[in-house]
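Scope of the values below: all heavy atoms of this structure, side chains included, with no hydrogens, waters or symmetry mates.
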Amino acid sequence: QVQLVESGGGLVQAGGSLRLSCAASGRTVSRYFMGWFRQAPGKDRDFVARISPGGGATSYVDSVKGRFTISRDNAKNTVYLQMNSLKPEDTAVYFCNAVTSDTSSPVFASWGQGTQVTVSS
């Protein structure tokens, strides 16, 4: 069973940057599309970004385009999310998961604990 561990969150002022990491264990995720999701208080968990197995193709939700960059290191079984120009509305708990290639729906039933990102104005 795959285990996903997210890290790198924290408290940052608006305009700042953070780099999130998602380390997978128990299963090699190099053949999967991988994605990042976020959940703000009282809201649903929403898709943010995804990356193809080889890393050559990425896609983002409109609200983060030009500010966030997803990447991966398959040798380390790890996915990253570089977040720049952060805004208070980016405040959420961030999660990773494998995603389907068509709808970017989560693949694994189990989620990690997530990592909290808080952006102050």
Side-chain angles (χ1 to χ4, degrees):
Q1 183 175 353
V2 66
Q3 294 180 331
L4 302 167
V5 178
E6 300 90 351
S7 62
L11 173 63
V12 63
Q13 289 187 333
S17 299
L18 286 172
R19 189 192 192 209
L20 307 184
S21 298
C22 168
S25 62
R27 177 179 294 185
T28 300
V29 296
S30 61
R31 291 179 295 175
Y32 291 91
F33 282 78
M34 293 296 293
W36 283 95
F37 297 78
R38 65 186 179 186
Q39 186 168 20
K43 296 188 177 181
D44 293 335
R45 187 174 295 167
D46 293 328
F47 167 80
V48 175
R50 79 170 195 187
I51 187 167
S52 61
T58 58
S59 62
Y60 303 88
V61 66
D62 286 347
S63 60
V64 308
K65 283 181 180 178
R67 301 188 297 120
F68 290 12
T69 303
I70 187 171
S71 62
R72 68 192 300 164
D73 185 337
N74 286 337
K76 295 182 178 180
N77 224 26
T78 300
V79 182
Y80 305 96
L81 187 67
Q82 177 67 43
M83 306 187 297
N84 299 329
S85 303
L86 282 161
K87 304 176 180 180
E89 51 264 43
D90 295 319
T91 295
V93 180
Y94 284 71
F95 302 86
C96 68
N97 203 323
V99 296
T100 60
S101 60
D102 50 358
T103 61
S104 295
S105 299
V107 170
F108 301 135
S110 60
W111 293 81
Q113 81 290 348
T115 186
Q116 176 70 50
V117 172
T118 304
V119 184
S120 63
S121 57

Trace of the salt bridge (Lys or Arg N to Asp or Glu O under 4.0 Å) decision for Lys65 with Asp62: CA-CA 5 Å; Lys65 283 181 180 178; Asp62 286 347; 3.0 Å; yes
Single-linkage hydrophobic cluster Leu18~Val5, side-chain heavy atoms < 4.5 angstrom: no
Contacts of Arg50 that satisfy salt bridge (charged side-chain N to carboxylate O under 4.0 Å, His left out) - sequence neighbours left out: none
Distance-minimising heavy-atom pair for Pro53 and Arg72: CA-NH1, 3.4 Å
Closest approach of Leu4 to Ala24 (non-hydrogen atoms, all atoms of both residues): CD2-CB, 3.8 Å
Considering all heavy atoms, the nearest Thr91-Val119 contact: OG1-N, 2.9 Å
Val2 vs Tyr32, side chain to side chain contact (heavy atoms under 4.5 Å, CB included): CA-CA, chis, key distance, verdict: CA-CA 12 Å; Val2 66; Tyr32 291 91; over 6 Å; no
Straight-line distance of Leu86 CG to Ser120 OG, nearest 0.5 Å: 10.0 Å
Donor-acceptor pair, side chain of Ser21 and main chain of Ser7, under 3.5 angstrom: no
Shared hydrophobic cluster, Val61 / Val79 (ILVMFWY, side-chain heavy atoms < 4.5 Å): yes
Pairwise side-chain contact, Asp90 with Arg67, heavy-atom cut-off 4.5 Å (strictly under): yes
Candidates Leu81, Asn84, Thr58 - the one meeting side-chain contact (heavy atoms from CB on, under 4.5 Å) with Phe68: Leu81
Counterpart residues, salt bridge (charged side-chain N to carboxylate O under 4.0 Å, His left out), relative to Arg27 (two or more places apart): none
From Ser63 atom OG to Glu89 atom CD, the distance as rounded to the nearest 0.5 Å: 8.5 Å
Main-chain N/O of Thr78 paired to Asp73 side chain as donor or acceptor, under 3.5 Å: no
Minimal non-hydrogen separation, Asn77 against Ser30, with atom names: OD1-N, 4.1 Å
Polar side-chain atom of Asp44 near backbone of Asp46 as donor-acceptor pair, under 3.5 Å: no
Co-members of Phe47 in a cluster of I, L, V, M, F, W and Y side chains, linked at under 4.5 Å: Phe33, Phe37, Val93, Phe95, Val99, Trp111
Test item: Glu6 side-chain N/O and Cys96 main-chain N/O as donor-acceptor pair under 3.5 Å: yes
Residue pair Leu20 / Gly9: nearest heavy atoms and the distance that separates them: CD2-N, 3.6 Å
Connected via hydrophobic side-chain network under 4.5 Å: Val107 and Val48: yes
Linked, directly or transitively: Tyr80 and Val12 (ILVMFWY side chains, under 4.5 Å): no
Least distance between heavy atoms, Ala14 atom then Ser121 atom: CB-CA, 4.4 Å
Distance (rounded to the nearest 0.5 Å) between Gln39 CD and Gln116 CD: 10.5 Å
Linked, directly or transitively: Tyr60 and Met34 (ILVMFWY side chains, under 4.5 Å): yes
